[in-house]
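Worksheet: one structure, shown below.
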Amino acid sequence: MGPQGEPTPRLRCATEAAALDAVRDTSDVDVTSLQTQVARLEVALDNMSQGLCMFDHAARLVICNARYHELFEIPPLRLRSGMSQEDVCAVLIAHGCYPPSVTVDAILETTRASLQAGGAMPILRELVNGRVLSILFRPLKDGGWVSTFEDVTEQRRSAAKIAHLAGHDALTDLANARALREEGRALMAQTSALAPVLAMHYLDLDRFKFVNDTHGHEAGDELLRLVAGRLQAVLRRGDRIGRLGGDEFAILQRVPTVHAALEFATLLVDAVSAPFGLSVGPVAIGASVGTATRVGLVEDLEPLLHEADLALRQAKLSGRGTTTLFDPEMSDLARQRRSLEAELHVALAAEQFELHYQPLVSLDRDRNRIVGVEALVRWRHPVRGLVSPATFISIAEETGLIVPLGAWVLGQACRDAAGWPAHVVVAVNVSSMQMRHKAFAADVFAILEETGLAPARLEIEITESALLDESDTIMDNLNRLRSAGIRFAMDDFGTGYSSLSYLRRFPFDKIKIDRSFMQDAETSADALAIIRAVAGLGASLGITTLVEGVETAQQLAMARAEGVGQAQGYLLSRPQPGAVIADLLKQDRLPGD
Ligand code: C2E
Ligand code: CA
Ligand code: CA
């Protein structure tokens, strides 16, 4: 049957001929059975899901089935058996089946080439009606051939969809990391006098985690989509963008100068800094960008990505909302960090850590009496000498080594303190990662039991960020330890987000005012006002206050005048090795003012 339902009479005789052909070799065939066979063959042909046509040795059409007409959307009467292949092609072209680029000669040529190659490889053709056909040419013994036409439009569409999904980030529909590398090839290979500089911008959102944590993942997803939209809006023609994962994006472009690249990086930061209207309400975030550049042709994108990543880390360190250009020194720093990371793993087993202690001094009634000491860890590196915790604590946190290291610090500090006068408290810094372990409280109890230190003589210093993640495990550990009589100090107060709310969430015994406030107190009325306010708040809540970083006699006098309870700083004493501290504690008091 043809596409409109009518039979295709003109082809019937051709079909019979073909059927006769097909049975030519068989003997003893009577005419009725031959007719039955022809009828069957005809039904079979017209019900094939594939389009089919057969040409003889002189390239004349023998038969073609209904599906063939359907696929090309041509009326059944237009093709007659006996037409040359050239004429068949001309009909299809005249009917507008093929895009204009396809000519009769081209089709003949393709057919010839395919038949010569044995016809094993299908040829894909896209028709103007949107169909995609997979065509096979099978040579016949007599020099003719059969062509089959399979509609692979759907297959192709889903394959394209899969390819799109594999190359695109489903959330923002931007290219993913792999696709960006792929798309970047063109930009790498194409430099011009006007835009010789290839720039890679690595962008990371500031405060995204905060939005995600406080408003939930849906708000986070919504935000990422909006960010993607804003970034796309600042791109110029030819720029490539991708989402590398999480809240990280990369933009690759050709620009005239390195300066232009940096200007563009600033545009990216600006685009993200205006508030976003999310369903949950407006939120303000920001972005940092690291930029790396190359002049001329670029063969490998990886070093550029790596440099942009290093520059981004630097941008993040120098504050939020900044852009930073890669500098070779950053590679040295990163290399150093990696080697430290490797060495840190052996340091614990090799007993390269030691504790120094810095006195905590009471400012009220007992003038300058040492009421406690803070344990500060040091790494005695065989080559580098004494390494500051400012260098290695963050690496230990990233690698998880902080857990065994922190346990060692707690054990050593309690052992040392057990030998000191009974009124001296030992303060130990504890990372949130340690407290996220269920067994943390139990481990502390075991250490106290083993060393015989009274729980009230241990003070645990944590920063607000430890409470930020509000995990049940952390809260559970804190509460168990506190019920046992262990004290808690909030460290670096004033450097975090919304410090006061944490005081409500957990009953701290002490607030340590970050040393940046003491540093500024002499010149900034605001800093001094904050010290005053915290001292007043502490007094009314019954929480001890301490100022960190007291370096001058004048600062000490100010702290005392504002009613701060305790002080710590180089003026009073630098952190000292355990043996020195044991001697100091015998004197009990420090010279101060
Ligand atoms: P932190 O807890 O704020 O410790 C106080 C830091 O300020 C110490 O640096 C101390 O030497 C320094 N400091 C004390 N007085 C003054 C002063 O008058 N002026 C100035 N400019 N600085 C002063 P340190 O020992 O380098 O420790 C740095 C940070 O490393 C500590 O800051 C703490 O966050 C972390 N840390 C140290 N030991 C440990 C530890 O055992 N575990 C963990 N998790 N972190 C530790
Ligand atoms: Ca501390
Ligand atoms: Ca501190």
**Report entry** Test side chain to side chain contact (heavy atoms under 4.5 Å, CB included) applied to Tyr202 and Glu248, step by step
**Finding:** CA-CA 7 Å; Tyr202 208 135; Glu248 290 182 355; 3.1 Å; yes
Report task. Could you walk me through whether Asp247 and Lys209 pass the side chain to side chain contact (heavy atoms under 4.5 Å, CB included) test, one step at a time? Result -> CA-CA 9 Å; Asp247 58 345; Lys209 190 180 176 316; over 6 Å; no
**Report entry** ring-ring contact (aromatic ring centres under 6.0 Å, His included) evaluation trace for Phe353 with Phe392
**Finding:** CA-CA 11 Å; Phe353 293 106; Phe392 67 83; 5.7 Å; yes
Requested in this report: Let me see the working for Phe508 and Phe506 under ring-ring contact (aromatic ring centres under 6.0 Å, His included), right down to the final yes or no.
Outcome: CA-CA 6 Å; Phe508 283 95; Phe506 183 76; 5.3 Å; yes
Report task. Would you sort out whether Arg515 and Asp492 count as a salt bridge (Lys or Arg N to Asp or Glu O under 4.0 Å), showing the intermediate values? Result -> CA-CA 7 Å; Arg515 68 165 178 271; Asp492 304 339; over 6 Å; no
Query raised in the report: Hey, mind stepping through Arg294 and Glu307 against salt bridge (Lys or Arg N to Asp or Glu O under 4.0 Å) and telling me if it holds?
Result: CA-CA 11 Å; Arg294 287 278 187 290; Glu307 289 175 9; 3.1 Å; yes
Query raised in the report: Yes or no on side chain to side chain contact (heavy atoms under 4.5 Å, CB included) for Asn429 and Glu374, after CA distance, side-chain angles and deciding distance?
Result: CA-CA 8 Å; Asn429 294 286; Glu374 177 176 1; 2.8 Å; yes
**Report entry** Residues Met490, Lys512; criterion side chain to side chain contact (heavy atoms under 4.5 Å, CB included); working and verdict
**Finding:** CA-CA 6 Å; Met490 180 185 275; Lys512 298 186 82 176; over 6 Å; no
Query raised in the report: Can Glu354 and Arg378 be said to form a salt bridge (Lys or Arg N to Asp or Glu O under 4.0 Å), step by step?
Result: CA-CA 5 Å; Glu354 57 187 69; Arg378 302 300 177 243; over 6 Å; no
Requested in this report: I would like to know whether Glu461 and Lys510 meet salt bridge (Lys or Arg N to Asp or Glu O under 4.0 Å); could you show each step before the answer?
Outcome: CA-CA 9 Å; Glu461 295 194 2; Lys510 184 185 277 183; over 6 Å; no
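Looking at Arg560, its side chain never comes within 3.5 Å of a backbone N or O of Gly563 through a donor-acceptor pair. Proximity of a side-chain donor or acceptor of Ser388 to a complementary backbone N or O of Ala390 within less than 3.5 Å is detected. Listed for the Asn479 side chain is a donor-acceptor partner under 3.5 Å among the backbone atoms of Met475. A side-chain donor-acceptor contact under 3.5 Å links Thr399 to the backbone of Ile395. Although no hydrogens or angles enter the test, the distance criterion places a donor-acceptor pair under 3.5 Å between the side chain of Asp206 and the main chain of Gly321.
Nearest heavy-atom pair, Val444 versus Leu410, reported as atom, atom and distance to 0.1 Å: CG2-CD1, 4.1 Å. Counting all heavy atoms, side chain and backbone alike, Leu448 lies closest to Cys414 at CD2-SG, 4.2 Å. Residues Asp520 and Ala527 share a closest heavy-atom pair of CB-CB, 3.7 Å. Residues Ala559 and Met518 share a closest heavy-atom pair of CB-SD, 4.4 Å. The nearest pair of heavy atoms linking Val550 to Ala567 is CG2-CB, 4.0 Å. Minimum interatomic distance between Leu355 and Ala375 (heavy atoms only, all atoms of both residues): CD1-CB, 4.3 Å.
At most 12 non-hydrogen atoms from other residues, nucleotides or ligands lie less than 6.0 angstrom from CZ of Arg487. The local environment of CD in Glu449 is sparse, with at most 12 non-hydrogen atoms from other residues, nucleotides or ligands closer than 6.0 Å. By the neighbour-count criterion of 12 heavy atoms within 6.0 Å, atom CD of Glu218 is sparsely surrounded, having that number or fewer from other residues, nucleotides or ligands.
In this structure, the side chains of Val426 and Leu453 come closer than 4.5 Å at one or more pairs of heavy atoms. Using a 4.5 Å cut-off on side-chain heavy atoms (C-beta onward), Arg380 and Glu351 make no contact. Inter-residue side-chain proximity for Val289 and Leu312 is flagged as unmet; no heavy-atom pair is nearer than 4.5 Å. Taking 4.5 Å as the limit, some side-chain heavy atom of Gln555 sits within range of a side-chain heavy atom of Thr552. Counting only heavy atoms from C-beta outward, the side chains of Val428 and Val409 approach each other to under 4.5 Å. Proximity of Ile511 to Ile543: side-chain heavy atoms (C-beta onward) are separated by under 4.5 Å at one or more points. With contacts defined as side-chain heavy-atom distances shorter than 4.5 Å, the pair Leu572/Pro359 does not qualify. Within the 4.5 Å cutoff, the side chain of Trp379 has heavy atoms near those of the Leu344 side chain.
Interatomic distance, Asp491 CG to Asp514 CG, rounded to the nearest 0.5 Å: 8.0 Å. Ile474 contributes atom CD1, which lies 11.0 Å from atom CD of Gln434 (distance to the nearest 0.5 angstrom). Atoms CG and CZ, from Leu205 and Phe210 in turn, are 15.0 Å apart once rounded to the nearest 0.5 Å. Of the inter-residue distances, the one linking Thr473 atom OG1 with Met435 atom CE reads 11.0 Å to the nearest 0.5 angstrom. Note: Ile251 CD1 to Arg240 CZ = 12.5 Å, rounded to the nearest 0.5 Å. Interatomic distance, NE2 of His217 versus CG of Asn212, reported as 5.0 Å (0.5 Å rounding).
Judged purely by distance below 3.5 Å, without hydrogens or angles, the side chains of Ser362 and Gln566 never pair a donor atom with an acceptor atom. No side-chain donor-acceptor contact under 3.5 Å links Ser524 and Asp526. Donor-acceptor pairing under 3.5 Å is recorded for the side chains of Gln568 and Gln358. Between the side chains of Thr544 and Asp509, no donor-acceptor pair is found at a separation under 3.5 Å. Inspection of the Asp332 and Gln336 side chains reveals no N or O donor paired with an N or O acceptor under 3.5 Å. Arg436 and Ser432 are linked by a side-chain donor-acceptor pair at a separation below 3.5 angstrom, with hydrogens and angles left out of the test. At a cut-off of 3.5 Å, with distance as the only test, a side-chain donor of Thr172 or Asp169 sits close to an acceptor on the other residue. No side-chain donor from either of Gln352 and His381 sits under 3.5 Å from a side-chain acceptor of the other.
Judged by the 6.0 Å distance and 45° axis criteria, Arg574 is positioned over the aromatic ring of Tyr570.
Listed by chain and number, the residues in a ring pair (Phe, Tyr, Trp, His ring centres under 6.0 Å) with His259 amount to none (sequence neighbours excluded).
Using cut-offs of 30° and 60° for the angle between ring planes, the Trp420 and Tyr357 rings count as perpendicular.
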Side-chain polar contacts of residues 272-280 - donor-acceptor pairs under 3.5 angstrom, sequence neighbours left out - could you list them?
from, atom 1, to, atom 2, distance (Å)
Ser273, OG, Val269, O, 2.8
Ser273, OG, Asp270, O, 3.2
Ser279, OG, Glu222, OE1, 3.1
Ser279, OG, Glu222, OE2, 2.9

